[in-house]
Amino acid sequence: MNVLFPIAEAYPFYKIGGLGDVGGSLPPALSKLSIDIRIALPKHPEVRLPKDAYQESSFEIIYNQEALSVNVYRAMLPESNVLTYLFEENKYLSKSTDASDNHADKFSVFSLAVATWVAEYSPYWQPQVIHCHDWHTSLIPVLLKHKHPHLDYKTIITIHNLAYQGITQTPVAKHLNLNPEECHILSWDQQDGEINIMLEGLLHASHITTVSPQYAKEILTQEYGEKIDAILQTKATTITGILNGIDTNFFNPDKDKLLFQNFSKSTWEKGKLNNRVELMKQHGINYDQHQILISFIGRVDPYQKGIGLIIQAIEDNVFPENIIFFFLGTGDPNLETELHSAAKNKPNIKIVTRFDEPLAHNLYAASHLSLIPSRFEPCGLVQMMAMRYGSLPIARKTGGLADTIIHNHDGFLFNEYNHKSMTEAIYQAIEVVKNQNKLYTTMVEKALDKDFSWKIPATEYKSLYENLILNQK
Ligand code: ADP
């Protein structure tokens with residue numbers, strides 16, 4: 001079975017968040033199930049081509065009435081046997097961008113390049129299924145349906161985060177030479193002068209998945225549906241929730257080369273303590289070995305991750321002086337400043353605002369507890385990584401957090417997205433850790449025992465691909 005996997009991020013080529021983890025770890029798991037799966041990735045300016053890379057094809061696309069040259073490089077995803085096609089285009093795709101740049105153009109160009117390449121420039125390898133991810137690649141099913149209607153690819157869009165739909169006033173349909181008169185979805189969508197890129201894809205794809213079963217139900221409700229719940233309800237029978245996994249070889253406390261000290265289920269107490277002492281030393285934090293370490297790792301964004309609740313908790317001294325709270329995250333500059341000022345003159349609060357993969361691993365390994373107070377969480381990988389390294393999550397009961405954490409068994413869940421509910425859960429967790437009793441030890445061992453590998457989810461994707469090819473979905 002041949003599957004093309006166009007995605008905006010794939011670790012280690014490129015990662016900003018959880019999408020990069022999935023892009024780098026799900027394809028190798030599918031490949032182990034004898035699927036010929038190949039990734040299509042933008043050659044972002046940060047991507048370094050590996051030594052084995054070579055240029056496989058070169059062609060032109062027309063975007064906004066201009067001819068653009070596209071080069072496709074072929075390379076193996078490092079430490080895997082998954083072939084990756086890296087798409088280079090020097091006006092929109094492979095030049096440095098920042099948040100103020102127009103990503104609608106960037107990913108429209110990527111989608112056009114992938115759709116053109118697969119339909120016209122890949123004669124020796126053809127996918128049966130094209131598995132797209134988030135709004136970045138959602139135009140691929142639209143382009144294929146309207147520009148290459150004779151080709152019968154099955155298309156899937158996985159919603160990793162419905163909050164980002166790629167809604168834009170940039171007339172990308174016009175730039176792509178998609179004629180609204182030939183597509184009633186497009187003409188209806190554009191009535192308000194905007195185009196919703198993800199919605200276009202969802203309405204054109206053969207199937208939709210989300211990254212946890214709970215989120216698949218939530219997106220059909222007004223609370224989580226991000227204003228398109230009513231439309232999604234009409235597609236409910238073609239929406240499946242498949243829980244994400246993680247690369248349990250890369251995230252393995254027993255082998256992880258980024259850790260100060262490795263540990264296993266039989267050595268975690270000493271191992272975690274030694275990692276904690278070392279981490280505190282490296283960051284100049286005065287540490288006495290009885291102090292509890294709570295960490296946060298995640299994007300600093302105003303809507304999703306509960307940063308507002310964290311700032312309030314720091315300001316209200318929810319973390320007493322005998323608790324160390326270590327925050328690692330980057331994103332919204334104003335919120336980063338607010339975090340730094342809330343933590344000023346509080347030696348037990350450490351705020352690090354950068355992207356730092358080794359520090360993230362060391363924090364998972366060192367922490368007793370990981371705080372994840374998300375307003376919504378499609379799946380969430382942080383809780384899986386935390387549990388894999390024996391750090392118990394304190395998380396809001398939503399989306400994938402609700403699917404992966406069992407309250408008082410391997411973590412702590414709270415229901416309401418507010419200060420009171422989060423604070424109660426933090427204090428309950430602190431009590432459990434403080435007593436260092438059987439309950440704490442048992443909870444950590446249950447967390448360490450959990451299987452977050454791709455083994456089961458990958459078989460679910462495989463069945464979905466098979467059913468689509470057999471036309472049963
Ligand atoms: P999302 O995809 O919404 O950002 P996830 O929980 O699914 O959140 O995945 C976040 C991923 O990004 C995890 O691998 C986490 O360890 C990593 N991460 C987030 N922020 C940072 C950071 N500042 N430094 C290092 N890793 C980070």
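Counting starts at 1 for both ligands and their atoms, in listed order.
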Practice task
Identify the heavy atoms of Asp332 and Asn334 that sit nearest to each other, and give their distance.
Solution key: OD1-N, 2.9 Å
Practice task
May I ask you to check whether His133 and Phe5 place their ring centres under 6.0 Å from each other?
Solution key: yes
Problem - Distance-only polar pair, side chains of Gln428 and Asn408, donor-acceptor under 3.5 Å - result: yes
Extract all N/O-N/O pairs under 3.5 Å that connect ligand 1 to the protein, and present each with both atom names and the distance rounded to 0.1 Å.
unit_1	atom_1	unit_2	atom_2	d
ligand 1	2 (O)	Gly18	N	2.8
ligand 1	3 (O)	Arg299	NH2	2.8
ligand 1	3 (O)	Lys305	NZ	2.9
ligand 1	4 (O)	Arg299	NE	2.8
ligand 1	6 (O)	Leu381	N	2.9
ligand 1	6 (O)	Val382	N	3.3
ligand 1	7 (O)	Leu381	N	3.3
ligand 1	8 (O)	Lys305	NZ	3.1
ligand 1	9 (O)	Gly18	N	3.4
ligand 1	14 (O)	Lys15	NZ	3.0
ligand 1	14 (O)	Asp21	OD2	2.7
ligand 1	16 (O)	Tyr364	OH	2.7
ligand 1	23 (N)	Arg354	O	2.9
ligand 1	24 (N)	Asp356	N	2.9

Pairs of donor and acceptor atoms involving the side chains of residues 388-397, under 3.5 Å and at least two apart or interchain, shall be tabulated with distances.
unit_1	atom_1	unit_2	atom_2	d
Arg388	NE	Phe251	O	2.6
Arg388	NH2	Thr248	O	2.8
Tyr389	OH	Asn252	N	3.2
Tyr389	OH	Asp256	OD2	2.6
Ser391	OG	Ser370	N	3.4
Ser391	OG	Ser370	OG	2.8
Arg396	NE	Asn415	O	2.9
Arg396	NH1	Arg375	O	2.6
Arg396	NH2	Asn415	O	3.4

Exercise for the section: Identify whether the distance between the nearest side-chain nitrogen and carboxylate oxygen of Lys346 and Glu321 falls below 4.0 Å. Expected result: no
Handout entry: Pair His44 + Phe110: ring centers closer than 6.0 Å
Key = no
